[in-house]
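For ligands, and for the atoms within them, numbers begin at 1 and follow the listed sequence.
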Amino acid sequence: MHVNVVFNPTASSKDYTVFIDELQTLCFDTKVMIVTNTTVAALHLETLKARLHVKTLHTVILPDGEQYKNFESLHCILNACFEHRLDRKSLLIAFGGGVIGDMTGFAASIYQRGIDFIQIPTTLLAQVDASVGGKTGINNDYGKNLIGTFWQPRAVYCESAFLKTLPHREFAAGVAEIVKMAVTFDRDFFAWLETHDLHVDQNLAEAIRKSIAIKARVVAQDETEQGVRAVLNYGHTFAHVIENQTAYSVYLHGEAVAIGMVMANTLAKSLDLLSQEDALRIQTLLRRYDLPTHYDVPSSEAFYEAFFLDKKSANDTIKFILPQGIGNYAMRNDIPKETVLRALKGDHV
Ligand code: NAD
């Protein structure tokens with residue numbers, strides 16, 4: 001499949017292209033440094049290197065895991081930039097999942113006040129979501145992604161061949177983000193997902209293209225998340241609490257998002273925004289990919305209080321992104337606490 005999504009963020013940033021299955025050979029007349037992790041390096045680094053024709057090539061291989069998305073790894077990337085004397089014309093390549101992409105983008109945004117970087121995402125989640133839109137960052141003791149920048153890549157190359165080695169759960173976690181885009185923005189795409197198996201290569205490539213096109217459109221309208229970009233957080237308000245309560249050790253992010261969407265749907269139903277039938281369709285689609293859709297809330301009060309730890313809960317109000325039917329959304333920050341507590345206690349669908 002050879003479909004390019006031309007990504008066009010706001011006038012303040014440069015346009016860039018998301019190439020889908022078009023990574024033949026990349027030529028650069030500059031110093032290039034690949035940033036990757038041990039897992040991706042073992043599986044795919046040689047393939048990537050064979051496709052690069054560059055003046056000088058360096059590689060940084062970081063340990064694998066969300067727990068390494070921290071200052072130490074950032075420091076490691078920046079130190080390598082200095083050691084190899086990268087200059088302002090040099091280029092970083094983020095080669096991995098969202099963790100590598102976010103950290104490499106952050107390093108690129110601050111090294112010598114900002115150099116170019118390219119995203120070559122190797123997880124489904126990173127291809128359809130994390131690699132597009134220019135959010136970069138690391139975690140610290142106070143939470144996830146609390147330190148970072150908006151810094152757009154020069155290009156994104158999504159290669160389906162790299163996804164062949166993804167474990168089943170990681171694949172499904174990416175599907176959750178695809179479902180998120182469809183539920184909030186595109187009813188036809190949702191109906192298409194109900195009838196097309198994403199394990200079929202051609203269908204997957206089409207779903208990736210459609211998801212990136214949705215994200216590109218949203219981010220072009222609102223690069224720094226002052227408005228519509230927040231809709232991409234559908235399911236995430238709940239997911240962040242679930243991930244926090246389970247110490248980031250039970251669910252992958254996309255799995256927590258799947259549960260979070262179902263919880264948001266319960267709230268949406270109680271506000272008559274979503275029908276029981278549509279809520280069931282969403283849950284059925286998620287379950288088809290073995291995604292979890294239920295979380296036993298230990299205490300709805302504690303769960304509610306935990307919403308306020310999220311950096312997106314501004315001025316003591318919680319902004320809920322809820323589906324309004326399938327293919328449309330409502331942003332609500334006026335939902336009474338009692339209504340939310342009832343939804344948290346209720347059965348999810
Ligand atoms: P990840 O980067 O941890 O990758 C998941 C696992 O898959 C890792 O173990 C990784 O080594 C492995 N892996 C990567 N590619 C592989 C391949 N081709 N074959 C086999 N294994 C492979 O996680 P993720 O789900 O890609 O991304 C999650 C991160 O992305 C989080 O840190 C999240 O905050 C961030 N994120 C950022 C944005 C954004 O807009 N910037 C959006 C969503 C998520």
(request) Give the contacting part of Leu43 toward ligand 1: side chain, backbone, both or neither, where contact means a heavy-atom distance below 4.0 Å. (result) side chain
(request) Quick one: look at Thr122 and ligand 1, take heavy-atom pairs under 4.0 Å, and tell me if it's side chain, backbone, both or neither. (result) both
(message) Checking a contact table here: which protein heavy atom is nearest atom 18 (N) of ligand 1, and how many Å away?
(response) Phe162 O, 2.7 Å
(message) Is it the case that ligand 1 has an N or O less than 3.5 angstrom from some N or O of Gly98?
(response) yes
(request) For atom 19 (N) of ligand 1, find the nearest protein heavy atom and state the residue, atom name and distance (0.1 Å precision). (result) Thr165 OG1, 2.7 Å
(message) Among all the protein's non-hydrogen atoms, which is closest to atom 1 (P) of ligand 1, and how far away is it?
(response) Val99 CG2, 3.9 Å
(request) Would you check the N or O atoms of Asn145, main chain and side chain alike, for any that come under 3.5 Å of an N or O of ligand 1? (result) yes
(message) Set out, in order, the CA-CA distance, both residues' side-chain angles and the distance that settles side-chain contact (heavy atoms from CB on, under 4.5 Å) for Ser73 and Asn70, then state yes or no.
(response) CA-CA 6 Å; Ser73 298; Asn70 55 20; 3.3 Å; yes
(request) Run the numbers for me: atoms of ligand 1, each under 4.0 Å from some heavy atom of His44, listed by number. (result) 18 (N)
(message) Using side-chain heavy atoms (C-beta onward) and a distance below 4.5 Å, is Ile212 in contact with Lys215?
(response) no
(message) Under 3.5 Å between any N/O of Asn37 and any N/O of ligand 1: does that happen in this structure?
(response) yes
(request) For Thr136 and Thr149, indicate whether the former's side chain and the latter's backbone hold a donor-acceptor pair under 3.5 Å. (result) yes
(request) State the OG-CD distance between Ser160 and Gln127, to the nearest 0.5 angstrom. (result) 7.5 Å
(message) For Phe320 and Phe238, take the angle between the two ring planes, folded into 0 to 90°, and tell me which bin it lands in: parallel under 30, tilted 30 to 60, perpendicular over 60.
(response) tilted
(message) Out of His253, Lys215, Lys69, who is nearest to atom 33 (C) of ligand 1 when you count heavy atoms only?
(response) Lys69
(request) Looking only at protein heavy atoms, identify the closest one to atom 42 (C) of ligand 1 and say how far it is in Å. (result) Ala130 CA, 3.5 Å
(request) May I ask you to decide if the ring planes of Trp192 and His196 are parallel, tilted or perpendicular, using 30° and 60° as cut-offs? (result) parallel
(message) Under the side-chain contact (heavy atoms from CB on, under 4.5 Å) test against Phe171, which residue among Leu163, Asp290, Leu198 passes?
(response) Leu198
(request) For atom 5 (C) of ligand 1, state which one of Lys144, Glu170, Glu66, Glu159 supplies the nearest heavy atom. (result) Glu170
(message) With a 4.5 Å cut-off on side-chain heavy atoms, are Arg51 and Thr47 touching?
(response) yes
(message) Just verifying a value: how many Å separate Leu91 CG and Asp116 CG, rounded to the nearest 0.5 Å?
(response) 6.0 Å
(request) Name the closest protein heavy atom to atom 8 (C) of ligand 1, giving the residue it belongs to and the distance to 0.1 Å. (result) Asp64 OD1, 3.3 Å
(request) Look at atom 26 (O) of ligand 1 and say which protein heavy atom is nearest, naming residue and atom and giving the distance to 0.1 Å. (result) Thr123 OG1, 2.6 Å
(message) How far is atom 28 (C) of ligand 1 from the closest protein heavy atom, and which atom is that?
(response) Leu125 CD2, 4.0 Å
(message) Please list the nearest protein heavy atom to atom 37 (C) of ligand 1 with its residue and the distance rounded to 0.1 Å.
(response) Asp102 OD2, 3.2 Å
(request) Check whether any side-chain heavy atom of Gln152 lies under 4.5 Å from a side-chain heavy atom of Tyr16, and answer yes or no. (result) yes
(request) Just let me know how Leu252 lines up against ligand 1, side chain, backbone, both or neither, with a heavy-atom cut-off below 4.0 Å. (result) neither
(request) Please check if Leu252 and Tyr248 belong to a single hydrophobic cluster, counting links between Ile, Leu, Val, Met, Phe, Trp and Tyr side chain heavy atoms closer than 4.5 Å. (result) no
